[in-house]
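Beneath this line is the structure, given in structure tokens, with notes to follow.
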Amino acid sequence: MKWKHLVAGALLAFSATALVACGSSSSSSEDNSLKKIEDKGTLTVATNPEFAPFEFKTLVNGKDTVVGADIDIAKVIGKELGVKVKISSMSFDNVLASVQSGKADIAIAGISATKERQKVYDFSDSYYESVNVVLVRKSDADKYTSTSSFKNKQVAVQKGTIQESVAEEQLKGAKVLTLTQNSEIISELKSGKVDAVVFEEPIAKGYVEKNSDLTIAEKVTLKSGDSDSYAIAMPKGSTALKNKINKIIKQLKDSGKIEEYVKEAYEQSISD
Ligand code: ARG
């Protein structure tokens, strides 16, 4: 009898501890994705700042600084998590990889949450919808009346972006050239080395605004998939972090903040 009591008592004590342990960690669920960042006190964000109005470099008090709508979102996330934000700049084709290797905690870079990418990364809910357009020289704009007008034309896209497949699949017969830097893509277009560039609309509009010799080929319509909307990437299994980020995104969307960030960043990018 005595022995049984002891066992029952021990079991009770054990389950009580188990319950307490569960209670304290219930909000951060199974994984430590959120806790890890809180413990470090820093959120490292991978981005490619050649993508105004979402991320671009500008002089702030004489210092080269990365700004833009994505950076504004990153800052809000940092604030809500109570941690510092470290923006880590790199080429776009390294942005997602740095999340996988753990060099960055999350990636915010106007990243389209495609089905392929979703197999490898967790994505937040989307925060911005975008469509693809074709950027051309104004002097040639009349030549482009449909997606078939690009046959045998040189079309440039940024390396590692979904625009690679948009150009390959939709601009039939085009010679697709992938380049790492958008600045290089633009200078090749302006100098006539390439004939067209596929970009998402807000990015193309920014370039048109700053380069009077460029324009969007208005008659050319590209199909956009449902995976063209932008989302924040994080390592697979980041449930706690993702839930937290989704709450923040919802608030920012509902309050019209994201639209405001994009608009303000756009104005800032074209005034530079
Ligand atoms: N939305 C496109 C993609 O995910 C292009 C993103 C490019 N972003 C950048 N910061 N350069 O493939």
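Sequence positions, counted from 1, serve as the residue numbers for this chain. No experiment lies behind these values; they were computed from the predicted model shown. Whatever order the structure lists ligands and atoms in, that order sets their numbers, starting from 1.
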Report, as yes or no, whether the 6.0 Å neighbourhood of atom NZ on Lys210 holds more than 12 heavy atoms from other residues, nucleotides or ligands. yes

Step by step, work out the salt bridge (charged side-chain N to carboxylate O under 4.0 Å, His left out) result for Glu260 and Lys257. CA-CA 5 Å; Glu260 205 177 286; Lys257 278 279 177 201; 3.5 Å; yes

Under a 3.5 Å threshold, I'd like every N/O contact between ligand 1 and protein atoms, with atom names and distance.
{"from": "ligand 1", "atom 1": "1 (N)", "to": "Gly110", "atom 2": "O", "distance (Å)": "2.8"}
{"from": "ligand 1", "atom 1": "1 (N)", "to": "Ser112", "atom 2": "OG", "distance (Å)": "2.8"}
{"from": "ligand 1", "atom 1": "1 (N)", "to": "Glu200", "atom 2": "OE1", "distance (Å)": "3.1"}
{"from": "ligand 1", "atom 1": "1 (N)", "to": "Glu200", "atom 2": "OE2", "distance (Å)": "2.8"}
{"from": "ligand 1", "atom 1": "4 (O)", "to": "Ser112", "atom 2": "N", "distance (Å)": "2.9"}
{"from": "ligand 1", "atom 1": "4 (O)", "to": "Ser112", "atom 2": "OG", "distance (Å)": "3.4"}
{"from": "ligand 1", "atom 1": "4 (O)", "to": "Arg117", "atom 2": "NH1", "distance (Å)": "2.8"}
{"from": "ligand 1", "atom 1": "8 (N)", "to": "Ala109", "atom 2": "O", "distance (Å)": "2.8"}
{"from": "ligand 1", "atom 1": "10 (N)", "to": "Asn48", "atom 2": "O", "distance (Å)": "3.0"}
{"from": "ligand 1", "atom 1": "10 (N)", "to": "Glu55", "atom 2": "OE2", "distance (Å)": "3.0"}
{"from": "ligand 1", "atom 1": "10 (N)", "to": "Ala109", "atom 2": "O", "distance (Å)": "3.3"}
{"from": "ligand 1", "atom 1": "11 (N)", "to": "Asn48", "atom 2": "OD1", "distance (Å)": "2.7"}
{"from": "ligand 1", "atom 1": "11 (N)", "to": "Gln158", "atom 2": "OE1", "distance (Å)": "2.9"}
{"from": "ligand 1", "atom 1": "12 (O)", "to": "Arg117", "atom 2": "NH1", "distance (Å)": "3.4"}
{"from": "ligand 1", "atom 1": "12 (O)", "to": "Arg117", "atom 2": "NH2", "distance (Å)": "3.1"}
{"from": "ligand 1", "atom 1": "12 (O)", "to": "Ile162", "atom 2": "N", "distance (Å)": "2.7"}

Would Asp125 and Lys242 pass as an ion pair if we require N to O under 4.0 Å? no

Of Tyr261, Tyr266, Tyr128, Phe199, the residue whose pairing with Phe54 passes ring pair (Phe, Tyr, Trp, His ring centres under 6.0 Å): Tyr128

With rounding to the nearest 0.5 Å, note down the distance linking OG in Ser89 to CD in Glu50. 10.0 Å

side-chain contact (heavy atoms from CB on, under 4.5 Å) involving Gln251 - partner list, sequence neighbours excluded: none

